[in-house]
Amino acid sequence: MQSVKGLKIESFPIKGLYKIDDLIYFDGPLLSFYSNDSGDNYLYYWVDVDDFCNRWVVFSVELSELNDYLNGITTLYSLIHSSLTGYLLDLDDNLATKNVLLIQISDLPDDYIPEIKSIYSCENTSEEIFLKYYSKKHKKGILQAHFSGGNEIGYGTMNLHLFSKLMNDFTNLNEGLGNSFYKLEKKKQEIRNKNKKEDKEKAIKKADYLNAFKFDVVTTQAASFSVLLKTVDQEIGFEGTPTRADKYIEFLTGFLSGSTTLNTLKEYARIIDVSTINHYESFLKLVDESHSKFQLGYLNTVSKSSYSNQIDSNKAKLIINNLQILDFESDETLNIAGKFVALNIKAGKYTFESTDEKSSGTLRGEALKKCFEIAFNKTYNVEIQRKTTKKAAGKKPKNIDILKSIVEIKDDQQEI
């Protein structure tokens, strides 16, 4: 191997580095991305070999610069020179360090420097690499919402009005699907317990399943425009054993994929409420009207769970058509805190409002008996059974509400 000018040091000083991925691979890794829990990010660039060791130039890299390289905006030549200093590592076949030099990049032989036009052209995308990076960093599942195409989306930029509308509809879609996922998992457990004579499973806690579809924003990413989200759920994953969040994303992507087929959509419609369907339709119309493409990617490097789906303008049109010819019917129970604004005791009719919900319908059973005690200046918790129907051809959904119970909220209990 060639001699290189540098300061020989006893050991490699950057501790705790772990591999994110091999960026270039040909009969072995040629360029690999490493990081550690302290936020140090390094590239290992293979430059030489002899009978005993492989030689690597190791240099630090900024995530934004790496992202530009993976998207063909900058070159490996530019990356290595922007670092100025680095390390020369000689590693044997067991990856044991045999020699370490602290070097100036400018002192490297020409054979150790990438070509000036060293544009990245391998299969790994920036989306895949950074899903791995953030999943390993946070040790949990990472969800990526990626938007591309159209005149309102550029490299790392997106029109705020379009982004806010899309994410608002997606957030509402996610919440509705999450509630449906919880109800489905609860029903599955009840069936399993019914079939078991002993060793029955503990009851599902709703709070745990609510966290399965809640996310925190980690960062935004260029190419074209992505939002990376980490799951709120703190469930510890194990290889081959998916977490609640993993299972939810499987349900979410399954719904997005299944909605392209009318018969599959009808099966989902049995467990998903009509407001969720409406948010989905609104989201799809935005994708279609903006001529954009929506891609959803998910990776949990701990449990090895990975899911993805994409919807472009053509697919959005297909799904919208399915939604508009779908006859839809659902039942749900609502628990609302608010006040009565209208009451017809003789007819058994009411109107009830909270800060974000309004219900008009019929009083039944205990609620009908208790309605004589109702005061319009008091706050109540009510339980409402709602049946929603939506006929084909895009007609508005119709709600039939039945108020089943009324509990007054005392002044010291009010939080609304």
Side-chain angles (χ1 to χ4, degrees), residues 1-63 65-66 69-70 75-116 118-126 128-137 139 237-240 299-304 306:
M1 287 191 286
Q2 296 188 47
S3 61
V4 178
K5 179 182 177 181
L7 176 65
K8 187 175 180 62
I9 55 179
E10 186 174 337
S11 62
F12 186 60
I14 313 301
K15 304 303 180 184
L17 288 176
Y18 50 82
K19 183 187 288 188
I20 302 299
D21 208 351
D22 294 319
L23 307 182
I24 302 176
Y25 191 97
F26 184 78
D27 292 335
L30 300 178
L31 181 68
S32 300
F33 175 30
Y34 281 76
S35 186
N36 63 16
D37 291 338
S38 299
D40 301 313
N41 302 301
Y42 281 82
L43 290 180
Y44 280 54
Y45 177 52
W46 182 88
V47 292
D48 211 343
V49 64
D50 63 16
D51 292 338
F52 305 101
C53 293
N54 281 283
R55 175 166 286 179
W56 301 83
V57 173
V58 180
F59 57 97
S60 65
V61 63
E62 295 293 331
L63 293 180
E65 294 176 338
L66 177 60
Y69 169 62
L70 293 173
T75 63
L76 183 58
Y77 178 89
S78 296
L79 281 188
I80 195 169
H81 279 90
S82 66
S83 188
L84 299 181
T85 62
Y87 302 92
L88 200 71
L89 292 185
D90 291 336
L91 305 178
D92 66 18
D93 291 341
N94 297 316
L95 301 182
T97 302
K98 297 300 180 181
N99 186 44
V100 186
L101 290 180
L102 175 63
I103 59 168
Q104 298 283 337
I105 297 298
S106 58
D107 289 335
L108 287 173
D110 290 342
D111 290 347
Y112 286 12
I113 298 296
E115 294 181 1
I116 293 177
S118 47
I119 295 291
Y120 186 71
S121 60
C122 296
E123 293 182 357
N124 288 341
T125 65
S126 62
E128 294 169 331
I129 298 300
F130 282 98
L131 272 176
K132 288 181 181 179
Y133 171 78
Y134 284 107
S135 181
K136 288 187 176 183
K137 177 181 177 68
K139 299 176 177 60
F238 300 95
E239 184 173 349
L299 178 65
N300 187 336
T301 54
V302 179
S303 65
K304 308 299 181 185
S306 176

Out of curiosity, Leu91 CG to Thr97 OG1, how far, rounded to the nearest 0.5 Å?
5.0 Å

CG-CG distance between Asn99 and Leu89, expressed to the nearest 0.5 angstrom
8.5 Å

Passes side chain to side chain contact (heavy atoms under 4.5 Å, CB included), Asn41 versus Leu66? Steps please.
CA-CA 10 Å; Asn41 302 301; Leu66 177 60; over 6 Å; no

So which atom in Val61 and which in Leu79 form the shortest heavy-atom distance, rounded to 0.1 Å?
CG2-CD2, 4.1 Å

So does Leu76 get a backbone contact from the side chain of Ser118, meaning a donor-acceptor N/O pair under 3.5 Å?
yes

With a 4.5 Å limit on heavy-atom distance, are the side chains of Leu43 and Val58 in contact?
no

Yes or no on side chain to side chain contact (heavy atoms under 4.5 Å, CB included) for Val57 and Leu88, after CA distance, side-chain angles and deciding distance?
CA-CA 5 Å; Val57 173; Leu88 200 71; 3.7 Å; yes

Is any side-chain heavy atom of Met1 closer than 4.5 Å to one of Cys53?
yes

Are side-chain heavy atoms of Ile24 and Trp46 found at a separation under 4.5 Å?
no

Gap separating the OH atom of Tyr69 from the OH atom of Tyr77, nearest 0.5 angstrom:
14.5 Å

Which heavy atom of Ile80 sits nearest to which heavy atom of Pro114, and what is that distance?
CG2-CD, 3.9 Å

Provide the closest heavy-atom pair for Tyr112 versus Gln2 in the form atom of the first, atom of the second, distance.
OH-N, 3.6 Å

Side-chain donor/acceptor of Ser135 to backbone N/O of Lys132, under 3.5 Å:
no

Please step through side chain to side chain contact (heavy atoms under 4.5 Å, CB included) for the pair Phe12 and Leu17, ending with a clear verdict.
CA-CA 11 Å; Phe12 186 60; Leu17 288 176; 3.6 Å; yes

Let me see the working for Asp90 and Phe52 under side chain to side chain contact (heavy atoms under 4.5 Å, CB included), right down to the final yes or no.
CA-CA 9 Å; Asp90 291 336; Phe52 305 101; over 6 Å; no

Looking at side-chain heavy atoms only, is the closest gap between Lys139 and Asp37 below 4.5 Å?
yes

Nearest-0.5 Å distance that lies between atom OG1 in Thr301 and atom CG in Leu131
10.0 Å

Could you tell me whether Phe26 atom CZ has more than 12 heavy atoms of other residues or ligands within 6.0 Å of it?
no

Does Tyr133 have any ring pair (Phe, Tyr, Trp, His ring centres under 6.0 Å) partners at least two apart in sequence or in another chain, and if so, which?
Phe33

What distance do Glu123 atom CD and Leu23 atom CG have between them, rounded to the nearest 0.5 Å?
13.0 Å

Donor-acceptor check, side chain of Asn124 to backbone of Asp22, threshold 3.5 angstrom: yes or no?
yes

Salt bridge (Lys or Arg N to Asp or Glu O under 4.0 Å): which pairs involve residues 95-116, sequence neighbours left out?
Asp92-Lys98

So does Asp50 have more than 12 non-hydrogen atoms from other groups sitting under 6.0 Å from CG?
yes

So OH of Tyr45 and CG of Leu31: to nearest 0.5 Å the spacing works out to 8.0 Å

Pro13 vs Tyr87 side-chain heavy atoms within contact, under 4.5 Å:
yes

Does any part of the side chain of Lys15, heavy atoms only, come nearer than 4.5 Å to the side chain of Asn36, both counted from C-beta?
no

Using modelled atom types only, decide if a donor and an acceptor are shared between the side chain of Ser35 and the backbone of Asp40 within a distance under 3.5 Å.
yes

Just so I know, are the side chains of Trp56 and Pro29 near enough to count as touching, which here means a heavy-atom distance under 4.5 Å?
yes

Residues Asp21, Lys136: salt bridge by 4.0 Å N-O rule:
no

